[in-house]
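For reference, the structure is listed below as structure tokens.
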Amino acid sequence: MEILRGISVTAGVAIGEAVILDAEEYRIPHRTVPEQAAEREVERLRAAIAVSIEELERQAQWMNTHFGRDAANVFTWHVGVLSDSKLQGGIESLIVDKAYSAAYATSTVMRSYQRRFLQMSDPLLVERIRDVQDIERRLLRNILGDAREDLAHLTRPAILIAHDLTPTQTARLADTLVIGVALDVGGSTSHTAILLRSWGKPSVIGLGDVSTRVSGGDTVVIDAANQLVLSDPDRPTLESYRRQEASFGRLMDEWESLRAMAAVTGDNVAIRLMSNIEFPHEAKASVEQGADGVGLYRTEFLFLHPDGPPGEEAQYQAYRAAIAGAAGRPITIRTFDLGADKYTQEKRYEQERNPMLGLRSIRYSLANVGMFKTQLRAILRASVEGDVRLMFPLLVSLMEFRQAKMTLHDAMEDLEEQGIPFRRDIPVGMMLETPAAAIQVKEFCREVDFLSIGTNDLLQYLLAVDRGNEQVSRFYDSSHPALIRVLRDVIRIAGRSQVECSLCGEMAGQPLYTLLLLGLGLRVFSMAPANIPEVKKLIRLAKISHAQRVARRALTFETARQVTNYLREETRKVLPEDPF
Amino acid sequence: MPGPPSEIREVTVTNAEGVHARPVMRLVDVASAFASRITVANVSGTGEELDGKSAMSLMLLDAPKGSVLRIRAWGEDAAEAVDAMVRLIENGFSDPSA
């Protein structure tokens, strides 16, 4: 089982077989074949090579007749490469030793040569890449033959894995049996992401290298609510996702009836359910679907654009659109959380040895003040149009918060000098997502207007677990007693300091933790829009008095397993039919 | 590489275009006529030893005019093979324009 993290553009769970689409629209149906099929694959390769050589010789002859010997010579090297027994041996050994399909082995070998030509000093040789690509395409065409299918010819539901999709390809998905999409890139243009969203099936993008990690035919789970893609899930995981897939459909039906209802507990305590969004237009969609506002707008998505960082005007327009979508409800804009896993598109700075502990998030912004100030200007300009709040991510020290606020004041002064309107009293808060900030929460509360607990990073730093690393991801457990105690302290101290405290990590959207969080005193939950109806339903059935008992009891356990079992039991008492 | 080569020679690329598609194919044709194992390395470049009978490998020589190539061969006809390769390169790959 392999778990990859990306950015969700839609909600829900999709489970299916992977089909891989490569950049040239050659669908390589299977990356690997059963061992006993290796001989057949080698035969396919040899036949394809023979046919390719014949084609080229015919072509050379035709060119010789029509354009003369020089033009025909262009293809001489192509024939030479196809006749190259060393090259052929390399492809065949991948088929035999690694059980690669003929198509995938060919593609792998040809691409390794393309990379080598890229490194040549002679610019004319760099051009040779095109020839190698041409040879690759010819071979693939001859290997795949009729098996080379358009997505429109899928005969059963499948999950599409690709490096990237063009807007045209994305727009055509509706006419196919594709039930979910996972992409390496963050959407080469945000158009792809927007089109995926309007298509509506579970999709996760910005996965980095999903297209090289998943093989055609693998079972893949797209867990869009949690921004995850799992390949070859183990049986318990797969079964749990099958149940979620079913319950998601059921919840969609309940959505309508829950939408207009308030998130009020059975004993009449009002809870605010906010949405976490990545795209400006999601603000409108989530509010229409019953969110009380946007608790977390992750602006770094603006960055995942091939043209590089967005300018002030582009950002301003994006923020305005999001604010307009929130329709007067509060919207919290978080400044760029770049670096580490997020900055997948352009690796412009040197690779860090330990990026999660590296130049990321607010550190990255403070190290790139020009970029940071541009963002702050854009947010400030947009702030006059709604109930906008500003939030800084990943603070470790008060000095960082002060420095970030200083930059904000600089931006304010500039705007003032230029006579551009902005909201001077814009609330400024922090993501509480490092152990240091949790320990110093009292001091932070004297300076921040609000805080939002980011349990995803907090847990990672608290438990020293990179959950993207499958060797240790099982240790990443939100039920860990240490996290629960930290949450108790943070929520309690924020309450005493009269600083609004919300929680925007994945825990907020997981019904398993709803009672616990209510009992710990949390009143503002921010989650993926898709999770809102489930949590709302539970809140409407829960009583604060019961939740407080649950929280007190949960705090007495010594291990995560005990906590999980206990919470599951108590949640079932409130919501008997749900399988959590 | 199995044991020391039977023959080693160095030669400078003299033709204007360097070792491009057509010269590569000429080298492969000449090398393939011999039983010996033959390698070509660009001493002025990476120095990596590339299979003299592989059209794909030799294209990686990255050898413009003036590059020094080292030809090595293992086998009974190694001397003749290296001799033929060196002659081909010295003659500018029989390029009439060279």
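Lettering of chains follows the sequences in order, A, B, ..., and the numbering in each one begins at 1.
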Problem set entry | Heavy-atom proximity to chain A below 4.5 Å, by part of B:M25 | side chain
Problem set entry | Heavy atoms of other groups near B:E76 CD, more than 12 under 6.0 Å | no
Exercise. How long is the span from the CG atom in A:D84 to the NZ atom in B:K53, to the nearest 0.5 Å?
Worked result: 12.0 Å
Problem set entry | A:E39 atom CD, neighbour heavy-atom count above 12 within 6.0 Å | no
For this session: Against chain A, label B:V28 side chain, backbone, both or neither, depending on which of its atoms sit under 4.5 Å from a heavy atom there.
Result: neither
Exercise. Any side-chain heavy-atom pair from A:F117 and B:M59 closer than 4.5 angstrom?
Worked result: yes
Exercise. Between A:W77 (side chain) and B:A55 (backbone), is there a donor-acceptor pair under 3.5 Å?
Worked result: yes
Exercise. Got a second to check how far B:E48's CD is from A:R116's CZ, nearest 0.5 Å?
Worked result: 4.0 Å
For this session: Compare all side-chain heavy atoms of B:S57 with those of A:K86 and state whether any distance is below 4.5 angstrom.
Result: yes
Problem set entry | chain B contact via A:V132 - side chain, backbone, both or neither, heavy atoms under 4.5 Å | side chain
Exercise. Any side-chain heavy-atom pair from B:M56 and A:M110 closer than 4.5 angstrom?
Worked result: yes
